[in-house]
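Quick notes on the structure that follows.
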Amino acid sequence: MSGLPLQELSEQVGTHIKKVQPVSGGDINQAYRLETPDGKLFLKANTFPEGKSMLASEQRGLQEIQKSGCILSPKVIWRGTINDYSFLLLEFIEEREKVGNFWENFARELDCLHSNSRDAHGFDSDNYIGTLNQINNPDPSWVSFFRDQRLRVQIKMGLDKGLINSEEAKRFEKLLNSLQDILPETTPALLHGDLWAGNFLSAGENAVLIDPACYYGSPEIDLAMAKLFGGFSNSFFDSYGEMSPRPPGLSERISIYQLYYLLVHLNLFGRSYWSQIKRIIDRYQ
Ligand code: ADP
């Protein structure tokens with residue numbers, strides 16, 4: 001029914017796939033719930049050219065999060081290709097209602113994730129934000145990493161796609177040139193990297209992180225994304241702030257970090273994101 005090569009997949013994974021049910025909600029991959037004699041599994045599948053590399057990046061990110069031992073994320077059961085398909089097979093997470101101290105626990109576990117550090121910002125491989133490439137060359141300076149490997153890359157992409165004109169790009173330059181006066185240097189922190197409300201599931205009292213775009217950078221990046229589109233309780237931000245007080249000027253930095261995600265949305269989905277972007281860069285003209 002799904003057109004999936006289920007026989008070959010069963011053989012590769014070493015289990016019998018009894019039932020396959022599509023799961024809705026994903027915007028990039030096809031998603032399925034598999035029933036096997038060992039329990040349920042979650043399968044991501046795609047057939048587009050970059051798909052294999054995207055699933056490999058997702059696996060790499062999930063493994064980095066798991067290595068931290070700080071916060072739940074689905075275990076990777078198997079990754080591979082069969083015929084035209086690339087697959088990522090994960091532990092199936094049963095969604096539950098958020099109960100007890102869910103948001104406080106989530107904040108504490110995210111703070112723990114952020115306490116994992118490295119010598120440089122970036123990661124050991126490039127990855128993806130949505131379907132866009134995200135470069136992660138190690139850089140000991142957070143300001144130059146964020147300016148050159150995050151904002152500049154997206155601005156150039158917007159120019160190339162005709163979504164930003166050269167006048168608008170010039171306005172960005174003013175902001176880019178003053179970033180070193182606005183952003184402090186920080187210790188590299190392990191980030192989820194794409195922490196919107198669709199990228200965690202509830203296991204009851206604890207959050208389960210899915211779909212990471214991991215790298216090491218300022219922990220405020222995850223806070224900025226969590227604040228951008230809603231879906232996180234105030235008690236999440238309050239608890240995080242109590243555990244890990246931020247230097248003064250957080251709200252200004254949050255806006256600057258949100259620019260990255262807004263530019264990504266502009267490049268993925270079009271000009272409707274421009275007014276939000278403009279409101280931020282107008283402050284720096
Ligand atoms: P995409 O890569 O296309 O963005 P998602 O990772 O968002 O796909 O997955 C699609 C949907 O499947 C999500 O909305 C989520 O509800 C659900 N989901 C994701 N991972 C799991 C999992 N490990 N177990 C159960 N459900 C999951």
Side-chain angles (χ1 to χ4, degrees), residues 2-4 9 13 15 17-68 70-81 84-99 102 106 109-110 113 125-134 191-215 222 225-226 228-232 261 264-265 267-269:
S2 55
L4 298 171
L9 186 61
V13 178
T15 189
I17 298 169
K18 292 193 289 190
K19 198 171 167 194
V20 180
Q21 278 186 308
V23 175
S24 61
D27 33 38
I28 299 170
N29 297 285
Q30 301 161 36
Y32 301 93
R33 185 174 79 174
L34 307 186
E35 283 180 29
T36 77
D38 313 310
K40 288 179 203 157
L41 297 173
F42 182 77
L43 181 70
K44 280 197 181 190
N46 65 56
T47 54
F48 50 87
E50 289 253 68
K52 180 180 174 188
S53 160
M54 288 173 70
L55 294 180
S57 290
E58 184 169 341
Q59 173 182 26
R60 178 75 193 83
L62 289 171
Q63 286 168 339
E64 192 74 5
I65 290 171
Q66 271 147 29
K67 214 168 63 185
S68 78
C70 287
I71 187 161
L72 296 171
S73 62
K75 288 184 189 61
V76 177
I77 313 289
W78 182 80
R79 184 179 66 79
T81 54
D84 295 335
Y85 278 98
S86 297
F87 292 114
L88 181 64
L89 189 60
L90 302 175
E91 173 190 2
F92 190 89
I93 307 297
E94 211 67 68
E95 270 257 72
R96 295 187 202 290
E97 203 184 320
K98 300 178 188 76
V99 292
F102 176 88
F106 191 177
E109 291 163 359
L110 185 70
L113 185 77
S125 50
D126 293 350
N127 52 15
Y128 294 86
I129 179 77
T131 51
L132 304 180
N133 286 313
Q134 185 169 254
L191 307 178
H192 174 281
D194 190 13
L195 192 60
W196 68 288
N199 277 347
F200 70 85
L201 303 173
S202 164
E205 293 205 19
N206 300 90
V208 185
L209 294 183
I210 59 172
D211 258 353
C214 286
Y215 62 101
D222 277 344
M225 187 45 162
L228 184 57
F229 298 121
F232 287 75
Y261 292 108
V264 166
H265 278 72
N267 284 322
L268 284 172
F269 306 117

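Both ligands and their constituent atoms are indexed starting at 1 by order of listing.
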Could you pull out every protein residue that has a heavy atom closer than 4.0 Å to ligand 1, ordered by chain and then number? Val23, Ser24, Gly25, Gly26, Asp27, Ile28, Asn29, Phe42, Lys44, Pro74, Glu91, Phe92, Ile93, Leu201, Ile210, Asp211

How are the rings of Phe102 and Phe106 set to each other: parallel, tilted or perpendicular (split at 30° and 60°)? perpendicular

Could you walk me through whether Glu58 and Arg79 pass salt bridge (Lys or Arg N to Asp or Glu O under 4.0 Å), step by step? CA-CA 10 Å; Glu58 184 169 341; Arg79 184 179 66 79; over 6 Å; no

Pairing residues for Arg33 by the salt bridge (Lys or Arg N to Asp or Glu O under 4.0 Å) criterion, not counting sequence neighbours: Glu35

Only one of Asn29, Thr81, Leu4 clears side chain to side chain contact (heavy atoms under 4.5 Å, CB included) with Phe87; which? Leu4

Side chain proximity check, Glu50 to Ile28, heavy atoms < 4.5 angstrom: no

Over 12 foreign heavy atoms within 6.0 Å of CD, Glu95: yes

